[in-house]
Amino acid sequence: LETPAPLLVPGEVIVRMEHLSICGSDLRVYDRVLPEDEYPRPIGQPCHECLGVVVESREEGIKVGQRVIAVTNIGGLAEYLSVPTDLIVTLPEDAPANPAWVLCQPLGTVIHAVEQMGSLFGKRVLVIGQGPIGLTFTQLVARMGARQVIVCDKHDYRLDQAKRLGATHTINATREDIVAGVTEITGGALADIAVEATGRPEALHQLFETLRMRGMAVIFGLTHDEDVFPIDWRMICEKIPNILVTNSARAGDRVDCVRTAVDLVNQGRIDVSHLLTHRLSWKELARGFEIYSAKAEDSLKVVIDVI
């Protein structure tokens, strides 16, 4: 589809997209049928994990030719995008060209969430879901001194990856009871902090069932198929939980956390390359969404090459 190229306006730069990463939140559009009046979708949607090169700029500190991450929610499925400068994260000038840099965007959103969780030393932490976001939570909380890092997922290949990233215990939700497993692993103490990283109704219930009294419930996952579903309100309230919701642009300023992610990756202190399992061409975009939605081919992150 040919559309007019964006015009340069004050406070923005023009970025030519190079690599896009499919996110679980993109499936909220892909996996469901929306009301008829919401079609056709706006140009460029859904996509917000974007890596590209600045091709036009009059802004101080952002030069033409710089490779950048565009932290935008307006839709990156386009060749060119006009991006406000406060949503631009520049990569180091000597950074090698690598599509994995785009994964600093989701890494930054998890850093933003973990910053709000406080000290993790000696804590029992449960992470429900070991997709790219859940695995990133596992990697960070393990590095930050959690006593136990218990993870759940339905796919063994994801649980195996979680072990490599520092998980102390794994539970396959298709074969094991999550609540019973967490109870046994913690000796009945349950989780001090439980993270929901799937957006599924059953996972939300398991989050509170596995949480100790006055523990912290971290809600990160976004719903996929349904936004409204029954919950056991009494069970939740009886736990007197501290609930932290941090799952979208509205949860706070993520841009500085993406900058932190870039710094940590550039220094070699955090690796995100294990998340990039599929790299496809622009013409294979539909296949990329199919793979990501179905969790097929042992997929984690699917990156689309725009160039």
Side-chain angles (χ1 to χ4, degrees), residues 24 107 109-223 229-247 251 270 274 300:
L107 170 60
T109 64
V110 178
I111 290 174
H112 175 71
V114 172
E115 279 186 340
Q116 300 175 69
M117 290 162 59
S119 172
L120 299 179
F121 282 104
K123 299 290 179 65
R124 299 179 176 91
V125 181
L126 168 69
V127 184
I128 301 176
Q130 289 297 286
I133 290 296
L135 285 169
T136 304
F137 269 107
T138 296
Q139 182 180 26
L140 293 183
V141 301
R143 285 172 169 244
M144 294 178 68
R147 176 208 281 184
Q148 292 179 318
V149 183
I150 308 165
V151 304
C152 310
D153 201 274
K154 294 182 177 181
H155 301 275
D156 284 331
Y157 78 91
R158 295 186 171 198
L159 295 174
D160 291 341
Q161 184 65 259
K163 290 178 186 177
R164 290 190 283 270
L165 293 174
T168 58
H169 301 80
T170 62
I171 299 172
N172 187 305
T174 61
R175 300 191 298 265
E176 305 169 70
D177 183 284
I178 291 177
V179 179
V182 172
T183 301
E184 180 180 357
I185 291 166
T186 62
L190 300 181
D192 299 303
I193 301 172
V195 179
E196 197 290 302
T198 71
R200 300 296 182 183
E202 63 273 21
L204 182 67
H205 286 87
Q206 291 159 350
L207 177 81
F208 291 100
E209 289 177 307
T210 54
L211 189 68
R212 69 165 173 80
M213 287 285 292
R214 296 183 174 85
M216 175 180 287
V218 181
I219 301 175
F220 194 102
L222 291 170
T223 55
F229 49 82
I231 61 172
D232 187 339
W233 186 248
R234 179 177 178 180
M235 181 270 295
I236 293 175
C237 289
E238 285 181 347
K239 289 292 181 79
I240 318 176
N242 176 11
I243 301 176
L244 171 63
V245 180
T246 173
N247 58 8
I270 289 185
H274 59 276
L300 290 172

| query | Which value, rounded to the nearest 0.5 Å, describes the distance between Leu207 atom CG and Arg200 atom CZ? | reply | 16.0 Å
| Derivation of the side chain to side chain contact (heavy atoms under 4.5 Å, CB included) call for Leu159 and Val151 | CA-CA 7 Å; Leu159 295 174; Val151 304; 4.0 Å; yes
| field | Under 3.5 Å donor-acceptor, Lys239 side chain and Phe208 backbone | value | yes
| task | For the pair Gln148 (side chain) and Ile185 (backbone), establish whether a donor and an acceptor sit closer than 3.5 Å, ignoring hydrogens and angles. | result | yes
| query | So, Glu176 side chain and Asn172 main chain: donor-acceptor pair closer than 3.5 Å or not? | reply | yes
| message | Could you check whether Asp156 pairs with Arg175 (Lys NZ or Arg NE/NH1/NH2 to Asp/Glu carboxylate O, under 4.0 Å)? | response | yes
| field | Enclosure of Glu202 CD (heavy-atom neighbours >12, cutoff 6.0 Å) | value | yes
| query | Which residue, Ile111, Leu165, Leu107, forms the side chain to side chain contact (heavy atoms under 4.5 Å, CB included) with Thr136? | reply | Leu107
| Is it true that a side-chain atom of Thr168 and a backbone atom of Val149 form a donor plus acceptor pair closer than 3.5 Å? | yes
| field | Under 3.5 Å: donor-acceptor pair, side chain of Gln161, backbone of Tyr157 | value | no
| message | Set out, in order, the CA-CA distance, both residues' side-chain angles and the distance that settles side chain to side chain contact (heavy atoms under 4.5 Å, CB included) for Thr210 and Thr186, then state yes or no. | response | CA-CA 10 Å; Thr210 54; Thr186 62; over 6 Å; no
| field | Check: Asp192 side chain, Arg124 main-chain N or O, donor-acceptor pair, under 3.5 Å | value | yes
| task | State, to 0.1 Å, how close Leu300 and His274 come at their nearest heavy-atom pair, and which atoms those are. | result | CD1-O, 3.7 Å
| query | Given the rule in the side chain to side chain contact (heavy atoms under 4.5 Å, CB included) test, do Val245 and Val218 qualify, once you have shown the distances and angles that lead to the verdict? | reply | CA-CA 6 Å; Val245 180; Val218 181; over 6 Å; no
| field | Stepwise side chain to side chain contact (heavy atoms under 4.5 Å, CB included) check, Ile219 with Leu244 | value | CA-CA 6 Å; Ile219 301 175; Leu244 171 63; over 6 Å; no
| query | Do the side chain of Glu238 and the main chain of Ile240 share a donor and acceptor less than 3.5 angstrom apart? | reply | no
| remark: Separation between OG1 (Thr170) and CD1 (Ile150), nearest 0.5 Å, reads 10.5 Å
| Do Glu209 and His205 meet the criterion of a side-chain donor-acceptor pair at a distance under 3.5 Å? | no
| Do Met117 and Met216 come close enough that some side-chain heavy atom pair is under 4.5 Å? | yes
| field | Test item: Leu190 and Thr183 side chains (from C-beta on) under 4.5 Å apart, heavy atoms | value | yes
| Quick one: does Gln139's side chain have a donor or acceptor within less than 3.5 Å of a partner on Ala142's backbone? | no
| task | Might you point out which heavy atoms bring Leu211 and Ala191 nearest each other, and give the distance in Å? | result | CD1-O, 3.5 Å
| At what distance, to the nearest 0.5 angstrom, does CZ of Phe137 lie from CD of Glu196? | 10.0 Å
| note | All heavy atoms of Thr246 vs all of Phe220, minimum pair found to be O-CD1, 2.9 Å
| field | Closest heavy-atom pair and its distance - Ala203, Thr198 | value | CB-OG1, 3.2 Å
| query | Atom CD1 in Ile193, atom CZ in Arg212: separation rounded to 0.5 Å? | reply | 8.5 Å
| Mind checking whether Cys152 and Val127 have side chains closer than 4.5 Å, heavy atoms only? | no
| query | Taking atom types as modelled, is there a side-chain donor on Thr138 or Gln130 under 3.5 Å from an acceptor on the other? | reply | yes
| field | pair Arg214-Asn242: side-chain heavy atoms closer than 4.5 Å | value | no
| remark: Of all heavy-atom pairs linking Pro241 and Ile236, the shortest is CD-O, 3.2 Å
| request: Looking only at non-hydrogen atoms, find the nearest pair between Ile178 and Ala173 and report the distance. | output: CD1-CB, 3.8 Å
| Atom NZ of Lys163 and atom NE2 of His169: how far apart are they, to the nearest 0.5 Å? | 11.0 Å
